[in-house]
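Read the structure below first, then the notes.
Note that this is a predicted model, so its numbers are computed, not measured.
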Amino acid sequence: MDEKQEVTVTSDGSGRRPAKQQERSLLTRGTLLDTTAREIDRHGHGSIAMHRIAREAGLTTGALTFHFPTKGQLLTELKELGLARIEERVSEAVALPAAPLRRAHLLLLALLELLHRDVVVRAAVRLSGELPEGGDWSDSWLPPVRQMLRSAGEEGRLRAGVTPEAVTEMALRLATGTEVRARGSDPEPDGAEAGGEHVAHFCDLFLYGISAVRPPETDRTPR
């Protein structure tokens with residue numbers, strides 16, 4: 001059924017949707033965003049066609065345009081949703097009561113796991129690079145990583161000859177490569193878990209390889 005036809009007027013004449021309809025509307029929007037994300041993850045935004053997104057989501061084109069009247073609005077909301085998920089993880093890592101290098105490690109690990117598991121996040125990253133004025137997705141996480149690494153250097157936690165700037169650039173390349181490598185993947189639960197352990201191990205090798213101290217025992221435990 002077309003989403004437009006499901007709108008009813010409440011008894012007070014406000015035109016607001018009943019709770020169940022609001023819930024159904026949110027589920028529909030989520031389905032459309034997920035479907036669009038998978039299409040972008042596989043082929044990029046240039047392949048997006050509204051009628052195909054509606055068909056893949058099992059909805060009518062009218063239902064799609066009810067929620068997202070234009071393709072631009074659909075892509076903008078998808079990008080904002082994915083970047084918001086990154087920013088949430090960054091805020092959590094920044095607030096941790098841990099040493100700077102440890103926080104940088106946990107932030108980067110959270111980011112890599114998001115890129116590995118979350119197709120909406122990967123689509124948002126890809127849109128940031130492909131859309132005009134898409135912005136730089138690394139602005140949400142690279143500055144705090146750089147500051148953490150600088151603090152770690154000041155504390156003598158980096159190996160001799162290792163600069164925070166070089167490690168920051170390596171972190172950006174690692175995150176970008178993870179996103180590109182994961183494109184189009186749709187792992188089964190067991191495969192996702194194994195992939196997550198691989199990401200954690202790789203992150204340990206990367207950050208503690210530049211460290212002047214050994215990693216905590218918990219960092220070497222498979223996740």
Do Arg159 and Val162 make a side-chain contact, defined as non-hydrogen atoms from C-beta onward lying under 4.5 Å apart?
yes
Can we say Arg52 and Glu39 salt-bridge, meaning some charged N sits less than 4.0 Å from an Asp/Glu carboxylate O?
yes
Starting from the C-alpha separation in whole Å, work towards a yes-or-no answer on side-chain contact (heavy atoms from CB on, under 4.5 Å) for Asp136 and Ser128.
CA-CA 6 Å; Asp136 189 341; Ser128 296; over 6 Å; no
Tell me the closest heavy-atom pair linking Val120 and Asp118, and the distance in Å.
N-OD1, 2.9 Å
Which pair of non-hydrogen atoms, one from Leu149 and one from Ala104, has the smallest distance, and what is that distance?
CD2-CB, 4.3 Å
Arg183 and Val180, any side-chain heavy atoms less than 4.5 Å apart:
yes
Looking at Glu169 and Arg173, is any side-chain nitrogen of the basic one under 4.0 Å from a carboxylate oxygen of the acidic one?
yes
Rounded to the nearest 0.5 Å, how far apart are CG of Asp139 and CD of Glu87?
10.0 Å
Looking only at heavy atoms, which two atoms of Leu83 and Ala124 are closest? And how far apart?
N-CB, 4.0 Å
So CG of Leu106 and CG of Leu96: to nearest 0.5 Å the spacing works out to 6.0 Å
I'd like to know if the side chain of Arg122 reaches the main chain of His116, judged simply by a donor and an acceptor atom lying under 3.5 Å from each other, with no hydrogens or angles considered.
yes
Would you call Glu77-Arg29 a salt bridge at under 4.0 Å N-O?
yes
Taking side chain as C-beta onward, heavy atoms only, is Leu33 less than 4.5 Å from Phe68?
yes
Could you check whether any side-chain heavy atom of Leu26 comes within less than 4.5 Å of a side-chain heavy atom of Gln22, counting everything from C-beta outward?
no
Check whether any side-chain heavy atom of Arg157 sits under 4.5 Å from a side-chain heavy atom of Pro100, and report yes or no.
no
Is it true that Arg126 and Glu130 have a side-chain N and a carboxylate O under 4.0 angstrom from each other?
yes
Between Ser151 and Glu154, is any side-chain donor less than 3.5 angstrom from a side-chain acceptor?
no
Exam field: side chain Arg103 to backbone Ala98, donor-acceptor pair closer than 3.5 Å
yes
Considering all heavy atoms, the nearest Val121-Gly82 contact
CG2-O, 3.8 Å
Given the rule in the side-chain contact (heavy atoms from CB on, under 4.5 Å) test, do Val94 and Met148 qualify, once you have shown the distances and angles that lead to the verdict?
CA-CA 9 Å; Val94 168; Met148 292 172 193; 3.8 Å; yes
Hey, mind stepping through Ile40 and Leu75 against side-chain contact (heavy atoms from CB on, under 4.5 Å) and telling me if it holds?
CA-CA 10 Å; Ile40 291 169; Leu75 298 182; 3.6 Å; yes
Looking at side-chain heavy atoms only, is the closest gap between Ile86 and Leu111 below 4.5 Å?
yes
Between CG of Leu59 and NE2 of His67, what distance do you get to the nearest 0.5 Å?
7.5 Å
How long is the straight-line distance from CE of Met50 back to CG of Leu32, given to the nearest 0.5 Å?
8.5 Å
Do Arg146 and Glu165 meet the salt-bridge criterion of a basic N to acidic O distance under 4.0 Å?
no
Within the side chain of Glu56, is there an N or O that forms a donor-acceptor pair under 3.5 Å with the backbone of Ile53?
no
Below 4.5 Å, heavy atoms only, C-beta onward: do Leu64 and Thr60 meet side chain to side chain?
no
Please evaluate residues Leu114 and Arg89 with respect to the criterion side-chain contact (heavy atoms from CB on, under 4.5 Å), reporting the C-alpha separation (whole Å), side-chain torsions for both, the decisive distance (0.1 Å), and the verdict.
CA-CA 9 Å; Leu114 266 182; Arg89 294 297 185 90; 3.5 Å; yes
